[in-house]
Amino acid sequence: MKVIVLGSGVIGVTSAYYLARAGHEVVVVDRQAEPALETSFANAGEVSPGYSSPWAGPGVPVKAIKWLLMRHGPLVIWPKLDPMMWIWGLKMLRNCTTERYAVNKSRMIPIAEYSRDCLRALRDEIGIRYDERSRGTLQLFRKQKQLDSTGDDIAVLKQYGVPYEVLDRDGCIGAEPALATAKASFVGGLRLPQDETGDCHMFTQALAQEAAKLGVQFKFNTTIERLVADGGKISGVMTSEGLLQADTYVAALGSWSPRFLKPLGISVPVYPVKGYSITVPVIDPDGAPVSTVMDESYKVAITRLGNRIRVGGTAEISGYSNMLHPARQATLDHSLTDMFPRGGDLGKASFWSGLRPMTPDGPPVIGATRYSNLHLNTGHGTLGWTMACGSGRVLADLLSGRKPDIDVSELTVSRYDHRFG
């Protein structure tokens, strides 16, 4: 088939690569000048199946109030007269129950674990490089209460067979030696040794080059205006360069997906949640992290990417604004200097923000729609980098008439027709 993929972030490019590898003729369309210039550009760098959990869970509403009152809190809300913001928020609250958390988590873990395996296979098959490291993730607790409350998380890890280690302070320093110089006190951590790290932007650009070798055509600097429907099918995509047509269409448009799908009568509850990051050069390799340290108090991830440190965090609900707020950088600076005071040069920090496409229940939206030739690959939230390869591989299998290696029937948009919407 001829397939048009809308969007050239990590989700769109992985979709295009696997579709081309399956023998399809693929065209990728994006308004940007090259791949991965928006949400995939400077994310936290984590490939973390072990942390693939819904944001909506028991106790989150109470925690959210506390986070909003913290000086360096991980949550920021700028209320707007936007019905989609309020509807999405209410749907998220509806998912903050033990029952729904369990269902949603069960839908996220398989695609995340599968995706990591697909990423590893890609490294072996095509030798792709992206400042990758396979050294695990350490969730660091400043307070004993945080460490004591890991029981539920550990139970879930056991349930899904995810390896883990509970570490005391000395154990954390053993895993991340530079923590010996930390200014902040911490009591212990939860380490997931199978998690990985890497530069998502570097990966996506490299994979786009591999996709081009397979015949994928990239139409950059091309604005997508609307999808054109004809009965139960999509007949084309109207763009700034005219009407583009194919046999099948894949919408990998991240936070912008609802704006293009709503006119077609498809309601997908994806809303942008802004994240921030800073990237700093390493000053002292011995004072920098080995892999990723998650500062649990501030929900900030500190990741080693080659000769750089990436610090990412904050969930800011403020619509589609990409404005950079200095207060958010102050939080990232604070966490880095607390944990790795000798690691990076904050004077040379580059500050960035991106819009994560979040669903209210947590899992992404992958698969068929009411239109026979329109498929979705969106709504991955903070886990787009973690789930990208698996999502692209699954989608290519579905479009090629093959049974995917994992069951993704509960990830389609039709799940929002039911009680967990």
Side-chain angles (χ1 to χ4, degrees), residues 4-7 9 11-12 15 29 38-39 54-56 77 79-97 99-101 103-104 107-108 111 224-238 248-274 315 317-321 355-384 387 391 394-395 398-399 408-421:
I4 290 179
V5 176
L6 306 175
I11 301 298
S15 299
V29 185
E38 295 193 23
T39 304
W55 281 18
I77 300 177
K80 291 181 175 292
L81 295 176
D82 178 0
M84 284 297 296
M85 174 187 285
W86 297 102
I87 292 170
W88 179 88
L90 289 171
K91 287 184 175 181
M92 185 176 180
L93 287 173
R94 288 183 61 224
N95 279 279
C96 290
T97 67
E99 178 190 11
R100 294 185 180 187
Y101 179 85
V103 170
N104 294 331
R107 293 171 174 175
M108 297 173 74
I111 186 68
I224 300 162
E225 297 175 353
R226 59 189 173 90
L227 290 162
V228 181
D230 184 9
K233 297 184 69 176
I234 301 300
S235 59
V237 182
M238 187 59 67
T248 298
Y249 303 82
V250 174
L253 293 163
S255 296
W256 302 92
S257 300
R259 295 194 174 188
F260 292 95
L261 297 172
K262 186 176 181 180
L264 301 174
I266 299 173
S267 178
V268 52
V270 170
Y271 197 77
V273 177
K274 190 195 298 185
I317 303 174
S318 56
Y320 285 82
S321 167
L355 303 177
R356 311 179 185 107
M358 300 289 299
T359 59
D361 51 342
V365 183
I366 304 172
T369 69
R370 56 184 287 191
Y371 295 89
S372 61
N373 63 340
L374 175 62
H375 300 262
L376 306 183
N377 198 357
T378 187
H380 296 75
T382 59
L383 296 166
M387 296 181 175
S391 298
V394 160
L395 191 72
L398 290 171
L399 268 62
V408 291
S409 59
E410 293 185 334
L411 297 182
T412 67
V413 70
S414 65
R415 74 177 187 260
Y416 294 112
D417 297 334
H418 306 117
R419 61 194 180 112
F420 289 112

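Just so it is clear, the structure is predicted and the values come from calculations on it, not from any experiment. Residue indices begin at 1 and follow the sequence shown.
- With hydrogens and angles ignored, the 3.5 Å screen pairs a side-chain donor or acceptor of Tyr371 with a backbone N or O of Leu264.
- Between atom CG of residue Leu6 and atom OG1 of residue Thr378 there is a gap of 11.0 Å, rounded to the nearest 0.5 Å.
- At a threshold of 4.5 Å between non-hydrogen side-chain atoms, the residues Val29 and Val237 do not count as touching.
- A donor-acceptor contact shorter than 3.5 Å links the side chain of Thr369 to the backbone of Leu374.
- For the atom pair Asp361 CG and Arg100 CZ, the distance stands at 9.5 Å (nearest 0.5 Å).
- Side chains of Ile266 and Arg370 form a contact here, defined as non-hydrogen atoms less than 4.5 Å apart.
- Nearest heavy-atom pair, Pro54 versus Met108, reported as atom, atom and distance to 0.1 Å: N-SD, 3.5 Å.
- Leu261 contributes atom CG, which lies 7.0 Å from atom CG of Leu227 (distance to the nearest 0.5 angstrom).
- Taking Trp55 as the reference, nothing meets the ring-ring contact (aromatic ring centres under 6.0 Å, His included) condition, with sequence neighbours excluded.
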For this session: Evaluate the criterion side-chain contact (heavy atoms from CB on, under 4.5 Å) for residue pair Tyr416 and Ser267; output intermediate values, then yes/no.
Result: CA-CA 8 Å; Tyr416 294 112; Ser267 178; over 6 Å; no
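- Across all their heavy atoms, Pro263 and Pro258 have their closest contact at CD-O, 4.4 Å.
- At distances below 3.5 Å, at least one donor-acceptor pair connects side-chain atoms of Ser255 with backbone N or O atoms of Leu355.
- Nearest heavy atoms, Pro357 versus Thr39: CD-CG2, 4.5 Å.
- The backbone N or O of Leu411 lies less than 3.5 Å from a partner atom in the side chain of Arg415, making a donor-acceptor pair.
- Heavy-atom minimum distance, Pro360 versus Pro269: CD-O, 3.0 Å.
- No side-chain heavy atom of Pro364 sits under 4.5 Å from any side-chain heavy atom of Asn377.
- Looking at heavy atoms from C-beta onward, Lys91 lies out of side-chain contact with Tyr271 at the 4.5 angstrom threshold.
- Thr248 OG1 to Leu398 CG: the interatomic distance, rounded to the nearest 0.5 Å, is 11.5 Å.
- For Ser235, the side chain to side chain contact (heavy atoms under 4.5 Å, CB included) test picks out Val228, Asp230, with sequence neighbours left out.
- Distance alone, capped at 3.5 Å, places no donor-acceptor pair between the Lys274 side chain and the Ser318 backbone.
- In terms of heavy-atom proximity, Pro363 sits nearest to Thr359 at O-OG1, 2.8 Å.
- Separating the CG atom in Asp82 from the CD1 atom in Ile317 is a distance of 11.5 Å, to the nearest 0.5 Å.
- Closest approach of Thr412 to Gly367, counting heavy atoms only: CG2-CA, 4.5 Å.
- Taking NZ of Lys80 as the start and CE of Met85 as the end, the distance is 6.5 Å to the nearest 0.5 Å.
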